[in-house]
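Notes for the one structure printed next.
Numbers restart at 1 for each chain; the letters A, B, ... are given by sequence-line order, proteins then strands. All values derive from a computational prediction rather than experimental measurement.
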Amino acid sequence: DWDRSFRTSDPRYYRWTQWLFLQFFKAGLAYRDEVAINWCPKCKTGLANEEVVNGRHERCGTLVEKRLLKQWLFKITKYADRLIDGLADVDYPSRIADQQINWIGRSVGAEIDFVVAEHSTKITVFTTRADTIFSAAFMVLAPEHPLVAKITTKPQRAAVDAYVEQSQSKTDLERQAEDDKEKTGVFTGAYAINPANDERIPIWIGDFVLAGYGTGAIFGDIHDERDFEFLTRYDIPARVTVLPENEQEAAKVKAKEYPYTREGVLIDSGEFSGQRSEVARDKIIAWLSQKGAAREKVNYRLRDWVFSRQHYWGEPIPIIHCPEHGVVAVPDDQLPVELPEVENYEPTDTGESPLAAITDWVNTTCPVCGEPAKRETDTMPNWAGSSWYYLRYYDAHNDKEFAARNKLDYWGAVDMYLGGMEHTTLHLLYSRFWHQFLYDQGLVPTPEPYQARRGQGIILAADNTKMSKSKGNVTNPTELIEAGYGADALRLAIAFLAPYDQTTPWNPNGINGTKRFLNRVWSLVQEQVAAAKNPPAIAEQDSELALASAIHKALKKVSVDLEEFGFNTAIAAMMECVNELYLLKTTLPLGSKVWGENLQLLVQMLAPFAPHIAEELWQQLGGEGSVHVSTWPEFDPKLVHDKLVTIVVQVNGKLRGQFEAATDATEASVVKMAQEDKKVAPHLTGKKIVKTIY
RNA sequence: GGGCGAGUGGUGAAAUGGUAGACACGCUAGCCUUAGGAGCUAGUGGGGGAAACCCCGUGGAGGUUCAAGUCCUCUCUCGCCCACCA
């Protein structure tokens, strides 16, 4: 419906994107914080975690750097559980749901406090293996951990400072240890007290510990592969507290031959010795909690969503900074905050948006006090406008609300949402988050935006890599159409290529087949239309029945396959049907009313796949109105069943013969026919039939 | 290292546990045509055979079953996603 079209870059649209942002802001879910964010030096902007793939910006492939910047963030982590649980109520393919669950990375464990010896400070660590607490041999802080400077002893200061500086200059990719690269760290000189057994353990810093996950600190022991590697390298004494039940294996574990990371039986763990580790885990957390040194904690791999961009192109974040009143929302009646006209929209390298240079735009007044204030100059990411666009289709031109409630109620959730797999942890996740928030605010009627989701497969180039403009391996559809194939043949070729959700290479010759098929349909109808001027006198009932049967069998297959996205097999069924019609027309002359009616059914089936040719043929066959608004035909169950069925006979599991039998033949008669079949009989002579399966 | 998925002809692919390779591409031969990069007909998994027909065959090894591409166990390979996430 073209009356409902709009652009997300149009101020009449992004006015509401800004308004929705302010709802997040007012609910405390959009906040400003100074964080080490991913920075793309080429695009000169900050990025969300989701936009960094293998240490590179997913758009341009540039190696991402870390920068400490004051940024707008969305508290998507608050919705982590909802984003997981909501998947149970929608129809998504499991690989999409699994990927989102995996991305959110829910991890249940505990936070445990270690007191720093000779200090009053505590360091909190996160662990999923509280049962191994008695084996804690050392502690490691991320280089960015706020306590590093405070606890480092004088003799170690120089080494620690050097290490911190070195880690900060590394990109994420460089910090990631590859297989041959060893973990590095440096001792702070300080010690922590293990709350379980009061042992002193050394505190190290190491860049394999991530500042952004958990508490940025861990305790290390022999029951973790990374920790094992670290303690081996730096010769830190360690103790085994979990043993496998297998005695031989347990001996090797005791000898510290390798890190034992699975569940087992606790030893050397105070009152918990002798218990199964998975049972002891919760008890130890409870025990430490009583002492005030631990609490249950769930962590997520998901990070809060960095929402600021330092681009000109983006919706301005509708915020005013007032020296007196701080961060103030732009009042609704002053929306939209439009992008100013500029000479130069190139990004700067300062971490500031190019908007910051436009003083007469930046300088404004505070909506609260009317005193001079400055506009926020960061803009929103491309994901902002796309996070709610589907709602705007319900009420595309409303200038009072983002969409009227009665229209939202009427349309409800999106029934079927098609899109690429690459959106799974970007747009699809983001828009579910927005929608869940809007639902909580009472602004939309459904808890989830999309009832069902399907991901289409990617068509690869002939070289088996993804078609992309930058690689220049793209087959341009326009060229095929200009080469005389037509849009219908192209649509069919794409749909026929492979199952809808499958990634598959483009076969440049496939379109020959679909064009040939359409030509055959076309010719058949032309013959019919011409012959109908002098209809044949004789009609043969058996052939007419065979004709209807061929059509209805295809109709059944197409009807079922359409619902299941089985487009390739639906098209195959129509091809099969047309092949059969070509055989039939030799015994049943074209031109009859029966032919006309059945060909109309064929054209109706074809219409969703080849809309243009179907419309033309529909009119040639005398169809009323447009084929595309005609009622989808129902297949006749009586016609899809054959009168004869092929019976296949196996003897001792081997295929020995086949014959045709009437569909309504009795079991006894079919068994008799099978035994008497001239190919089957020789395999039975001189043998006793033990069992017959019909 | 973790998660998910997939391995079937020369190619893309079909196949509620019941005739493996539907449908198509490509190829071969023939027909038709002034011509074919059009159309039509026939053939096209491998091996054997004059033929009827027989044997083998869905990455590999086992298993369940009257019957396995399909179910189970182990294993190899490839693809996608995530990844020092404690």
Of the candidate nucleotides [options], which contains the atom at the shortest distance from the side chain of [X]?
X: Asp98(A); options: rC66(B), rC55(B), rC4(B); answer: rC4(B)
X: Lys691(A); options: rC40(B), rC25(B), rC66(B); answer: rC66(B)
X: Phe496(A); options: rA24(B), rC54(B), rA86(B); answer: rA24(B)
X: Ile218(A); options: rA15(B), rA83(B), rA86(B); answer: rA86(B)
X: Lys654(A); options: rA13(B), rA15(B), rC55(B); answer: rC55(B)
X: Leu655(A); options: rA86(B), rA14(B), rU19(B); answer: rU19(B)
X: Val53(A); options: rC23(B), rA86(B), rC82(B); answer: rC82(B)
X: Phe126(A); options: rA86(B), rC82(B), rA13(B); answer: rA86(B)
X: Asn568(A); options: rC25(B), rA13(B), rA83(B); answer: rA13(B)
X: Val648(A); options: rU19(B), rA14(B), rA86(B); answer: rU19(B)

Task: Shortest non-hydrogen contact from Pro499(A) toward Asn568(A) - done: N-ND2, 3.5 Å

Open item on the list: Quick check on rG9(B): syn or anti? Syn means the glycosidic torsion is within 90 degrees of zero.
Closed with: syn

Is the phosphate of [N] approached by [X] (side-chain N or O, under 4.0 Å from OP1 or OP2)?
X: Arg129(A); N: rA86(B); result: no
X: Gln99(A); N: rC80(B); result: no
X: Arg516(A); N: rC40(B); result: no
X: Arg656(A); N: rG18(B); result: no

TODO: By nearest nucleotide on RNA chain B, pick out whichever of Gly513(A) and Asn652(A) is the more 5' one.
DONE: Gly513(A)

- [ ] Report the residue (Lys678(A) or Met575(A)) whose heavy-atom-nearest nucleotide on RNA chain B is the more 5′ of the two.
- [x] Met575(A)

- [ ] Look at the rings of Tyr417(A) and His427(A) and say which category their plane angle falls in: under 30° parallel, 30 to 60° tilted, over 60° perpendicular.
- [x] perpendicular

Measure the distance from [atom1] on [X] to [atom2] on [N] and round it to the nearest whole Å.
X: Tyr694(A); N: rC66(B); atom1: OH; atom2: C1'; value: 17 Å
X: Met574(A); N: rA14(B); atom1: CE; atom2: P; value: 15 Å
X: Asn512(A); N: rG36(B); atom1: CG; atom2: C1'; value: 14 Å
X: Asn102(A); N: rA83(B); atom1: CG; atom2: P; value: 9 Å

Base, sugar-phosphate, or nothing: which does [X] touch, judged by heavy atoms less than 4.0 Å apart?
X: Glu576(A); value: sugar-phosphate
X: Asn509(A); value: sugar-phosphate
X: Asn579(A); value: sugar-phosphate
X: Glu225(A); value: nothing
X: Leu497(A); value: sugar-phosphate

Task: Minimum side-chain heavy-atom gap Thr184(A)-Phe208(A) below 4.5 Å - done: no

Open item on the list: Are Trp383(A) and Tyr430(A) an aromatic pair, judged by ring center distance below 6.0 Å?
Closed with: yes

Open item on the list: A quick test of your reading: do over 12 heavy atoms of other residues, nucleotides or ligands sit less than 6.0 Å from CD of Gln502(A)?
Closed with: yes

Open item on the list: Could you measure the distance from the NZ atom of Lys122(A) to the CG atom of Asp113(A)? Nearest 0.5 Å is fine.
Closed with: 4.5 Å

